[in-house]
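Structure record follows, encoded as structure tokens.
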Amino acid sequence: MKKVNEWPIYLEMIYLSSDFCMVLNEDLEIEEVITEDQQLRMALEHPFQSFAPNPAFENFIYSIVKNSISTTKQIFTIEKHNSYQCKGKKVEDKIVILGKKCASVIQKRDGILDNLPIPAMLIDIDGKIVKFNSHLQNLHSRLDIPENLLDPLVTSQWSHPVFKEYFHVFQQLLESKQTVTREYRTEEVRLKLQGVVDGNHYVIMMKDESFQRRFEQLLSYQQQMQAVSQIAAGVAHELRNPLSVIKGFVQLSKYSNNLDKYYDTIYSEIDRMNKIIEDFLSISRKKIDKRYIHPAELVESMLVIFRSECILHDVEFIYKLGNCEGYLYVNEQMLKQVLINIMRNSIEAYEGQKRNRTFNLQTFIEDGFYVIQLKDNGPGIAPELFEKINEPFFTTKEKGTGIGIPLARQIIEEHKGKFIIDSTYGKGTLISIQLPLENKPPL
């Protein structure tokens with residue numbers, strides 16, 4: 001049997017249809033390489049080293065051996081540079097493989113990447129970022145990341161934490177060959193990363209939700225300030241009692257000319273006033289940090305505010321606090337805002353209702369969660385409205401914003417908790433907030 005290169009007409013057919021032809025013997029050794037590209041010829045003389053991904057190439061060869069013809073065309077990178085679409089067939093005791101450069105495929109990738117309206121990058125099998133669009137450049141500029149995109153992810157020094165997330169997505173793509181989703185979050189930045197497999201390359205795309213996060217924080221702070229203004233009158237009412245006591249004892253000390261006799265009582269009332277003011281101010285502070293806190297500390301700091309608001313609106317406040325030895329890792333101000341919003345909704349629900357006006361607070365532990373239950377005996381939520389209460393901006397109030405319930409749910413879920421509403425029309429509403437308990441705070 002003559003070699004292929006001994007038949008000029010075969011050579012011309014190969015040059016017209018392919019960029020190379022490679023012939024392996026039954027021992028899978030290279031017997032002949034036909035190509036006009038000398039660098040490619042050198043690479044093809046060691047195909048099991050030059051073709052990538054190598055495991056896929058080996059499976060490709062063995063499928064030809066087993067089935068006489070490859071079931072599908074496959075794309076491989078040769079010498080880490082060019083991609084070729086390969087097809088093979090077993091002819092007698094030889095394996096013949098033809099390869100055609102996929103320049104058009106790479107160009108399509110580049111065009112798609114450039115036209116994507118979100119940050120995106122194209123990564124090769126070695127973890128090198130071979131292409132990225134202007135949106136990714138702009139994102140990196142905003143994050144103050146130096147331009148080191150040409151460094152492979154596997155050897156990068158990760159000058160910015162977001163590169164660690166890029167690497168994790170790339171690593172999972174290599175292992176699973178399936179779509180991968182991860183998140184990168186800081187106080188100011190929120191990115192949703194999605195990695196997809198594109199032949200022998202990988203694409204990582206990012207949805208920048210940072211501005212959405214800032215908008216949510218603005219809405220949250222707006223509600224916080226509304227809550228502060230609404231409970232100010234109740235706090236002022238609560239302060240009148242210790243002020244009256246202090247005033248009375250100061251007058252008595254003047255008549256008796258003995259301040260020492262009333263000092264402890266006056267000091268106790270001043271301390272009580274300071275606690276009321278501190279609880280009030282803790283709601284208005286714009287903090288976004290989380291800290292470990294004992295559940296009782298969180299809930300008990302709300303009791304004065306709940307009680308004063310209920311007294312002001314002729315609502316009976318009933319509470320029962322269960323014992324708890326665990327800790328919560330929470331943003332205290334955000335949770336207080338959620339509790340106040342629920343309390344305000346319950347009080348507003350009693351408008352026009354003369355009897356059975358109560359607001360119940362109960363806490364207990366259940367399945368590793370600290371549960372806060374808030375219940376009213378108002379009119380409840382109509383069935384046709386119940387499914388809509390989680391929709392942003394849906395409200396039945398004349399001056400409502402419709403962001404209370406969705407925002408409260410989001411805050412609790414960001415704390416890895418659960419926000420559950422159980423409402424019976426005509427009987428009232430029960431809201432359960434479940435927050436995961438920690439055994440003890442780290443030292």
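Every heavy atom of this structure was used, including side-chain atoms; hydrogens, water molecules and symmetry mates were not. One-based numbering along the sequence shown.
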Would you give the length of the straight line joining atom [atom1] of [X] to atom [atom2] of [Y], rounded to the nearest 0.5 angstrom?
X: F306; Y: L374; atom1: CZ; atom2: CG; answer: 6.0 Å
X: M121; Y: K128; atom1: CE; atom2: NZ; answer: 14.5 Å
X: L361; Y: M302; atom1: CG; atom2: CE; answer: 9.5 Å

Can you tell me if [X] uses its side chain to pair, donor with acceptor, with the backbone of [Y] under 3.5 Å?
X: D19; Y: K101; value: yes
X: T363; Y: G322; value: yes
X: T358; Y: E316; value: no
X: D124; Y: H201; value: no
X: R357; Y: H313; value: yes
X: E58; Y: F60; value: no
X: H415; Y: I411; value: yes

Is the ring pair F48/F57 parallel, tilted or perpendicular, if the boundaries are 30 and 60 degrees?
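The rings of F48 and F57 stand perpendicular, inter-plane angle above 60°.
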Ring centroid separation for [X] and [Y], is it under 6.0 angstrom?
X: Y329; Y: Y327; value: no
X: Y370; Y: F364; value: no
X: F20; Y: Y84; value: yes
X: H140; Y: F163; value: yes

Would you please test T429 and I421 for side-chain contact (heavy atoms from CB on, under 4.5 Å) and show each step?
CA-CA 7 Å; T429 301; I421 302 178; 4.1 Å; yes
For [X] against [Y], the heavy-atom pair lying closest together:
X: D376; Y: S346; result: OD2-OG, 3.0 Å
X: C86; Y: I97; result: CB-CG2, 4.3 Å
X: P47; Y: M22; result: CB-SD, 3.9 Å
X: K336; Y: S301; result: CE-OG, 3.2 Å
X: L321; Y: E300; result: CD1-CG, 3.8 Å
X: M206; Y: L139; result: SD-CD2, 4.0 Å

Do V338 and I433 pass the side-chain contact (heavy atoms from CB on, under 4.5 Å) test, and can you show the C-alpha distance, the side-chain angles, and the key distance before you say yes or no?
CA-CA 10 Å; V338 170; I433 296 172; 3.8 Å; yes
Run the ring-ring contact (aromatic ring centres under 6.0 Å, His included) test against Y202 and tell me which residues pass, sequence neighbours left out.
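Partners of Y202 under the ring-ring contact (aromatic ring centres under 6.0 Å, His included) test: F170.
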Run the side-chain contact (heavy atoms from CB on, under 4.5 Å) test on L303 and Y319 for me, step by step, so that the C-alpha distance in whole Å, both residues' side-chain angles and the decisive distance to 0.1 Å come before the verdict.
CA-CA 9 Å; L303 295 182; Y319 67 92; 4.0 Å; yes
Among K192, E165, Q194, which residue meets the side-chain contact (heavy atoms from CB on, under 4.5 Å) test with R182?
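Running side-chain contact (heavy atoms from CB on, under 4.5 Å) over K192, E165, Q194 with R182 returns exactly one hit, E165.
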List the steps, then state whether side-chain contact (heavy atoms from CB on, under 4.5 Å) holds for N345 with I342.
CA-CA 5 Å; N345 285 341; I342 295 172; 5.6 Å; no
Minimum side-chain heavy-atom gap I129-L136 below 4.5 Å:
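No - every pair of side-chain heavy atoms lies 4.5 Å or more apart.
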Are side-chain heavy atoms of Y350 and N356 found at a separation under 4.5 Å?
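Y350 vs N356: side chains apart.
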Taking [atom1] in [X] as the centre, count heavy atoms belonging to other residues, nucleotides or ligands within less than 6.0 Å. Is the count above 12?
X: E297; atom1: CD; result: yes
X: K177; atom1: NZ; result: yes
X: F317; atom1: CZ; result: yes
X: E175; atom1: CD; result: yes

Within the 3.5 Å criterion, strictly below it, is a donor on K375 or N377 matched to an acceptor on the partner's side chain?
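Side-chain D/A pair, K375 to N377: present.
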